[in-house]
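Atoms within a ligand are numbered from 1 in the order they appear, just like the ligands themselves. Worth knowing before you read on, the calculation uses all heavy atoms, side chains too, and leaves out hydrogens, waters and symmetry mates.
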Amino acid sequence: MTPIRPELDAAAVAALAAEIDGLVIKPPDDAYGDARRVWNGMIDRYPALIVTCRSAADVAAAVRFARANGLDIAVRGGGHNVAGFGTCDSGLVIDLSGLRDVVVDQETSTATVGGGNTWGTFDTAAAEVGLHTTGGLVSTTGVGGFTLGGGLGWLMRRYGLACDNLLAAEVVTATGELVRASETDDPELLWALRGGGGNFGVVTSMTFRVYPVSTIVGGLMLFPIERAREVLGAFRALCARASDDLTAMATIHTAPPAPFVPAQLQGRLAIAIAGCHIGQAEAADAELAAIRDLGPAADVFAPMPYTALQSMLDATAPAGQRHYWKSGYTQSLDPGFVDALLESGSRMPAPFGQLHLHQMGGAVARVPDSASAFGHRDAAFTLNIIGAWTDPTEDESGVAWARASFSRLEPWLDGAYVNFMGAEGEGRLSAAYDDTTLERLKAVKGRLDPENVLRLNQNVAPKPSGGQPWRA
Ligand code: FAD
């Protein structure tokens with residue numbers, strides 16, 4: 001149902017459009033139908049205005065307009081958040097897709113990127129000089145939401161999470177003020193941005209540490225599901241002794257009708273070990289032998305440009321599918337956990353549902369807890385239960401599958417990763433952050449957004465701070 005549209009003063013909307021470099025999109029503009037949508041097809045919201053911003057000044061103007069007109073604010077980076085925080089009903093969407101500058105500085109090994117980049121746009125530009133940072137497994141994912149929530153990616157066991165490589169950010173606050181976060185300018189805000197999500201302001205620019213990465217060994221090995229126990233056993237052993245050059249993931253999914261998949265496996269439930277090795281090819285082969293020796297039905301691990309691996313899984317995550325996710329961290333793949341996982345796999349909505357087990361550890365685990373808001377750095381694996389389907393009549397059964405899978409696996413799970421969470425409320429937030437971290441996040445929120453203007457996110461409630469600005 002289309003929500004009631006707030007009465008907006010047409011002259012004020014026209015004045016906003018005249019003030020900014022970007023666009024103001026509203027119903028019934030032709031662009032509105034596409035502009036209101038986000039990646040998750042389950043999210044069907046009708047904002048009053050969508051402001052596509054081209055500069056921090058545009059963002060500030062949009063924030064001020066929303067506040068003056070009593071509109072909720074949704075901030076959209078790549079629009080991939082499964083809970084749909086990148087849009088809203090009857091409010092104002094700040095769409096950052098016009099902020100896609102990428103400037104790589106080879107001298108300082110840093111890249112400064114606009115807050116609306118996707119990993120595809122960032123990595124494509126960065127590949128020209130062969131310098132990258134940890135990014136998402138699907139290239140259409142936004143750099144903004146991904147990094148602010150933590151950011152698990154193929155380079156993380158060598159170089160840390162995306163948020164660990166965030167060195168500085170320019171942020172438009174809830175009052176429309178432009179502030180900077182770095183180790184010298186408001187380090188507490190930088191700490192909060194490293195894992196605390198989009199709570200603290202609209203990030204218009206982010207500076208990352210980047211590393212030489214060009215050809216990697218990447219791909220996956222695929223097995224029929226009947227071999228899942230031995231494959232997961234080998235995966236567990238591999239993860240226990242892996243070098244930091246390797247980041248791997250086990251996935252249970254329906255084998256696609258792709259040329260590399262043997263005909264007899266296509267359309268059937270399968271298990272894959274996917275990964276990225278950033279060392280020498282011989283070292284990669286030696287580590288991957290533990291899986292290869294099992295005799296996979298398909299093996300497409302090969303040397304390839306890093307950017308090729310970064311888009312290898314894009315076809316598995318098209319925009320518009322209907323998604324419902326549940327997630328948690330786990331320490332071991334013990335037999336009870338594997339039984340529960342395979343039980344969930346056998347009931348999974350086909351062909352789009354997936355179960356992902358991300359290998360953690362390495363550099364992620366070595367960052368001190370106090371250096372970032374990201375929690376659960378000691379986890380061995382992150383589990384993501386991905387309910388996905390296309391037919392709206394399957395909404396109920398798809399959601400029920402993800403919830404039942406979570407209940408079945410919950411005895412082995414601990415904590416929550418904000419980037420894989422749905423709109424699960426404050427209770428679940430305390431699974432993402434320990435008490436000390438949450439109190440610290442609330443204090444930063446209280447200082448920068450005491451009225452909780454930016455609340456369409458995994459929301460941290462502001463703690464009254466007396467309104468003192470940060471001072472060096
Ligand atoms: P959006 O929906 O645009 O935003 C998400 C949240 O971040 C919102 O609260 C928004 O307000 C806030 N936000 C976004 N940009 C900014 C900004 N510039 N300033 C302030 N707030 C901002 N996660 C991983 O860790 N590793 C993966 O490999 C991975 N792969 C994924 C693949 C797919 C297909 C999808 C759908 C998700 C994946 N994720 C992954 C999860 C992903 O990190 C989250 O969905 C994340 O929220 C996406 O960020 P976004 O900018 O695209 O989302």
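- By the 30° and 60° cut-offs, the orientation of the rings of Phe381 relative to Phe235 is tilted.
- Exactly one of Val399, Ile386, Ile43 qualifies for a side-chain contact (heavy atoms from CB on, under 4.5 Å) with His323. That residue is Ile386.
- Annotation for Arg209: atom CZ does not count as buried by contact number, only 12 or fewer foreign heavy atoms lying within 6.0 Å.
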Between ligand 1 and the protein, which N/O pairs are shorter than 3.5 Å?
from	atom 1	to	atom 2	distance (Å)
ligand 1	2 (O)	His80	N	3.4
ligand 1	2 (O)	Asn81	N	3.0
ligand 1	3 (O)	Gly77	N	2.6
ligand 1	3 (O)	Gly78	N	3.3
ligand 1	3 (O)	Gly79	N	2.7
ligand 1	11 (O)	Val75	O	2.9
ligand 1	15 (N)	Gly145	N	3.3
ligand 1	18 (N)	Gly115	O	3.3
ligand 1	18 (N)	Val203	O	2.9
ligand 1	19 (N)	Val203	N	2.9
ligand 1	25 (O)	Leu152	N	2.8
ligand 1	25 (O)	Tyr417	OH	2.5
ligand 1	26 (N)	Leu152	O	2.7
ligand 1	28 (O)	Leu137	N	3.0
ligand 1	28 (O)	Leu152	O	3.3
ligand 1	43 (O)	Asn419	ND2	3.1
ligand 1	45 (O)	His80	O	3.3
ligand 1	47 (O)	Asn81	ND2	3.2
ligand 1	49 (O)	Phe146	N	3.3
ligand 1	51 (O)	Gly78	N	2.9
ligand 1	51 (O)	Gly145	N	3.0
ligand 1	52 (O)	Gly78	N	3.3
ligand 1	52 (O)	Gly79	N	3.4
ligand 1	52 (O)	His80	N	3.1
ligand 1	52 (O)	Gly142	N	2.9
ligand 1	53 (O)	His80	N	3.3
ligand 1	53 (O)	Asn81	N	3.4

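- Residue pairs meeting the salt bridge (Lys or Arg N to Asp or Glu O under 4.0 Å) criterion with at least one member in residues 370-389, sequence neighbours excluded, are Asp164-Arg377.
- In this view, Tyr433 satisfies the ring-ring contact (aromatic ring centres under 6.0 Å, His included) rule with no residue, not counting sequence neighbours.
- Applying the side chain to side chain donor-acceptor pair (under 3.5 Å) test to every pair with at least one member in residues 141-157, sequence neighbours left out, gives no pairs at all.
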